[in-house]
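Just below is one structure, and these are the notes that go with it.
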Amino acid sequence: MFGLKKKDKPPKNTDSPEFRRWMAEKLDGRSLRYILERDANGTDTVIAKGGVLSNFEGKFCVISGEKTLFCTPTEDLHAWEFLSLEGATLTGIDEITGKERTILAYYKYYRD
């Protein structure tokens with residue numbers, strides 16, 4: 001009984017691959033209202049309305065309609081949720097463009 005670990009607790013080291021996989025699993029399947037991209041100047045631009053976060057076969061992707069907007073290996077994803085828990089910030093090397101991108105994803109409101 002005392003040797004069991006809680007599965008809902010994140011790993012303590014936020015730079016570890018275990019934490020990145022845990023965060024990707026936590027965000028997997030979330031429906032999105034808005035998807036924004038933050039450029040180097042700190043300006044946010046809406047790139048899509050509506051979408052979903054997907055973690056499948058070692059890839060974490062942001063999908064809107066039939067278009068994949070952002071895709072990075074789960075091991076390279078830096079993700080954290082907003083303090084309000086209304087969305088998440090995703091940073092990683094995008095496989096589509098080959099550049100590092102920062103995506104802000106706002107969740108659709110729903111009750112658990």
Side-chain angles (χ1 to χ4, degrees):
M1 180 174 195
F2 294 109
L4 298 177
K5 222 179 181 183
K6 282 183 114 180
K7 289 186 179 185
D8 59 343
K9 272 194 149 178
K12 293 189 188 272
N13 183 3
T14 57
D15 289 330
S16 68
E18 292 84 23
F19 179 81
R20 293 177 186 176
R21 283 191 296 269
W22 180 84
M23 195 63 176
E25 285 298 318
K26 182 178 180 184
L27 297 175
D28 184 32
R30 293 277 189 149
S31 297
L32 302 175
R33 258 188 318 160
Y34 296 104
I35 304 163
L36 288 78
E37 181 175 6
R38 180 169 288 162
D39 63 6
N41 300 333
T43 307
D44 297 340
T45 307
V46 176
I47 56 175
K49 292 183 180 180
V52 68
L53 298 175
S54 173
N55 184 31
F56 185 68
E57 293 183 356
K59 304 266 185 207
F60 190 85
C61 300
V62 178
I63 302 167
S64 179
E66 295 180 3
K67 189 174 181 183
T68 302
L69 303 173
F70 175 77
C71 193
T72 188
T74 304
E75 303 292 325
D76 297 337
L77 176 69
H78 295 278
W80 55 94
E81 287 189 298
F82 301 156
L83 288 175
S84 63
L85 299 177
E86 292 180 352
T89 303
L90 313 167
T91 303
I93 305 292
D94 187 15
E95 293 182 343
I96 300 165
T97 62
K99 299 178 183 176
E100 184 175 29
R101 292 174 68 192
T102 300
I103 303 293
L104 297 129
Y106 288 86
Y107 308 144
K108 273 189 180 174
Y109 176 76
Y110 64 92
R111 294 180 187 242
D112 287 334

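We're numbering straight along the sequence, starting at 1.
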### Query
Counting distance only, does the side-chain N/O of Thr91 pair as donor-acceptor with the main-chain N or O of Thr102 below 3.5 Å?
no
### Query
Are the side chain of Arg33 and the backbone N or O of Tyr107 linked by a donor-acceptor pair below 3.5 Å?
yes
### Message
Tell me the closest heavy-atom pair linking Thr68 and Cys61, and the distance in Å.
### Response
CG2-CB, 4.2 Å
### Task
With rounding to the nearest 0.5 Å, note down the distance linking NZ in Lys108 to CZ in Arg30.
13.5 Å
### Task
Any chance you could lay out the side-chain contact (heavy atoms from CB on, under 4.5 Å) test for Leu27 and Phe60, step after step, and finish with the verdict?
CA-CA 9 Å; Leu27 297 175; Phe60 190 85; 4.0 Å; yes
### Query
Asp15 and Arg20: which non-hydrogen atoms are nearest, and at how many Å?
O-NH2, 3.6 Å
### Query
Which pair of heavy atoms, one from Ala48 and one from Leu69, lies closest together, and at what distance?
CB-CD1, 3.5 Å
### Message
Has Asp94 got a side-chain atom pairing as donor or acceptor with Ile96's backbone, closer than 3.5 angstrom?
### Response
yes
#### Entry: Flag if over 12 foreign heavy atoms under 6.0 Å of CZ, Phe19
yes
### Task
May I ask you to test the Met23-His78 pair for a side-chain heavy-atom distance under 4.5 Å?
no
### Task
Could you tell me whether a side-chain N or O of Ser64 sits under 3.5 Å from a main-chain N or O of Gly50, the two making a donor and an acceptor?
yes
### Query
Leu32 and Leu77: same hydrophobic cluster, using ILVMFWY side-chain contacts below 4.5 Å?
yes
### Task
Using only heavy-atom distances, determine whether the side chains of Asn55 and Thr74 contain a donor-acceptor pair under 3.5 Å.
yes
### Task
First locate atom OH of Tyr34, then atom CG of Asp44, and finally report the distance between them rounded to the nearest 0.5 Å.
14.0 Å
### Message
Give me the atom names and distance for the closest heavy-atom approach of Leu53 to Asp28.
### Response
O-OD1, 3.7 Å
### Task
List the steps and the verdict of side-chain contact (heavy atoms from CB on, under 4.5 Å) for Leu90 and Thr72.
CA-CA 10 Å; Leu90 313 167; Thr72 188; over 6 Å; no
### Summary
Rounded to the nearest 0.5 angstrom, the CG-CD1 distance for Leu36 and Ile47 is 7.5 Å
